[in-house]
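To start, the structure itself, in structure tokens.
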Number of protein chains: 2
Amino acid sequence: MRMSEGVEWALHTCLNLAWAAADQSISATRLAAFYELPAPYLNKQLQSLVRAGILTSTPGPRGGFRLARPIERVTLMDVVAAIEGPGEAFRCTEIRSRGPGAAPESDNKPPCAIDQAMRRAELAWRRELAAQTLADVQEQVLRSAPDAPERTRRWLAD
Amino acid sequence: MRMSEGVEWALHTCLNLAWAAADQSISATRLAAFYELPAPYLNKQLQSLVRAGILTSTPGPRGGFRLARPIERVTLMDVVAAIEGPGEAFRCTEIRSRGPGAAPESDNKPPCAIDQAMRRAELAWRRELAAQTLADVQEQVLRSAPDAPERTRRWLAD
DNA sequence: GGGTACTTACTCGGATACGCAGTGTCCGAGTCTATGTGG
DNA sequence: CCACATAGACTCGGACACTGCGTATCCGAGTAAGTACCC
């Protein structure tokens with residue numbers, strides 16, 4: 001079970017957009033160059049964020065991407081769901097109702113106990129992701145590297 | 001991010017082994033037939049469980065698989081780790097230290113804030129998985145379908 | 001009748017193909033900007 | 001000098017190849033049981 005690498009890219013990029021001026025659009029090319037990432041592929045991920053309503057995109061020269069809303073209202077769950085999709089990691093295929101060991105019809109009504117247990121764990125994961133906003137992460141970065149914002153802002157403006 | 005289907009197979013199969021007599025080995029072929037699963041592939045998954053110390057295998061006629069220890073001491077985390085591997089879903093590739101936006105050397109010492117946040121969520125997931133044993137799931141099944149154990153035991157003994 | 005060697009059939013275990021999602025790349029539609037021209 | 005038309009360049013957006021992992025399968029090594037045979 002491996003999460004898409006695009007999630008890491010999207011999170012870092014959203015933070016970079018937060019450091020920059022709020023009313024400034026930054027092109028995918030420049031955002032990609034900041035980390036030496038393949039620009040077209042990052043663009044693909046950013047489009048997912050636009051579809052999810054996290055970013056807004058403006059075409060044409062001087063265009064690019066910007067945050068659709070303040071990062072205080074963007075949770076890690078939002079970004080993960082935008083990139084990875086809303087589907088759950090564990091998907092019960094109801095094998096209990098197949099084969100000679102299949103339970104009678106009446107027993108299929110109660111939910112699969114294994115599915116329930118796995119869902120409970122995954123719900124804890126999602127809850128933790130939803131509890132943390134990008135602003136929280138931003139604050140954490142500020143504490144460990146106070147000069148990061150200014151340095152990022154300068155490079156993006158260059 | 002999709003979890004391997006083998007996890008579901010492994011969990012159901014471990015419960016089936018728990019229903020059967022503890023000192024009885026059951027072959028992969030019969031375990032697979034119970035749900036009409038491809039026997040060789042299920043065998044592959046069971047081998048992972050053996051390597052993880054959850055099952056023990058005995059070759060030769062009348063051989064097969066059996067639980068290595070009572071299911072009270074087998075958590076969902078054990079099974080998931082055995083099939084999916086110990087690696088974490090989100091893996092920080094440290095893109096912050098690449099490219100022109102790379103932080104100075106001294107700033108690389110503090111851990112990546114994004115990595116920390118993602119680890120926190122994944123830790124909650126793992127904690128919830130480790131908190132539930134197969135015995136808990138078994139008990140849940142008993143409440144919703146009290147006749148399932150006897151039915152499973154009979155079919156496997158047939 | 002009892003012990004022994006052998007054959008047999010069945011089991012796990014690892015090595016081998018196939019398919020699909022994630023990864024990476026490319027080109028086209030749209031739009032703003034800058035320039036050159038005419039009034 | 002100002003307004004306008006035009007050409008240009010830059011942007012996003014979706015459509016097109018490639019790679020790696022998960023899926024599925026097969027065959028060989030090993031073992032216990034059952035059997036036939038000999039003492």
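The chains referred to below are lettered A, B, ... by the order of the sequence lines, with proteins before strands, and numbering in each begins at 1. The figures that follow rest on heavy atoms only: side chains count, while hydrogens, waters and symmetry mates do not. Given the structure is predicted, the values throughout are model-derived calculations rather than measurements.
Checked for salt-bridge contact, A:R120 and B:D136 miss the test: no charged N lies under 4.0 Å from a carboxylate O. With respect to A:R119 and A:E122, no salt bridge is recorded, no charged nitrogen being found less than 4.0 Å from a carboxylate O.
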N/O donor to acceptor pairs below 3.5 angstrom from side-chain atoms of residues 38-49 of chain A, sequence neighbours left out:
from	atom 1	to	atom 2	distance (Å)
A:Y41	OH	A:Q45	NE2	3.2

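Using a 4.0 Å heavy-atom criterion, one finds that A:R30 contacts no nucleic acid atom at all.
Donor-acceptor pairing under 3.5 Å is lacking for the side chains of A:N16 and A:T13. Counted by atom type alone, B:R66 and B:T56 present zero donor-acceptor pairs between their side chains at under 3.5 Å.
At C:dC12, none of the side-chain N or O atoms of B:R51 fall inside 4.0 Å of OP1 or OP2 (strictly under the cut-off). Proximity of A:Q47 to the phosphate of D:dC12: no side-chain N or O atom is located under 4.0 Å from OP1 or OP2. Proximity of A:S57 to the phosphate of D:dG13: a side-chain N or O atom is located under 4.0 Å from OP1 or OP2.
Atom CD in A:E8 sits about 17 Å away from atom P in C:dG22, given to the nearest Å. D:dT23 atom P lies 13 Å from atom CE of A:M1, rounded to whole Å. Note: CG (B:L55) to C1' (C:dT11) measures 15 Å, nearest angstrom. Summarising the geometry, the separation between CZ on A:R66 and P on D:dC12 is reported as 12 Å, rounded to the nearest angstrom. Atoms CD (B:E36) and P (D:dA24) sit 14 Å apart, rounded to a whole Å. One interatomic measurement links the two molecules: CG of B:L31 to P of C:dT11, which rounds to 11 Å at whole-angstrom precision.
Within the 4.5 Å cutoff, the side chain of A:L67 has heavy atoms near those of the A:L55 side chain. At least one side-chain heavy atom of A:M118 sits less than 4.5 Å from a side-chain heavy atom of B:V80.
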Problem - Residues A:F90, A:I114; criterion side-chain contact (heavy atoms from CB on, under 4.5 Å); working and verdict - result: CA-CA 10 Å; A:F90 180 87; A:I114 290 176; 4.1 Å; yes
Handout entry: Protein-to-nucleotide contact annotation, 5' to 3' order, nucleotides 23-35 of chain C [B base; S sugar-phosphate only; - none; under 4.0 Å, heavy atom]
Key = BBBB---BBB---
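Hydrophobic clustering (ILVMFWY, side-chain heavy atoms < 4.5 Å, transitive): A:V137 and B:L123 are in distinct clusters.
Overall, the helix from C:dG1-D:dC39 to C:dG39-D:dC1 carries an axis bend of 10° between its ends, with five pairs at each end and the value rounded to 10°.
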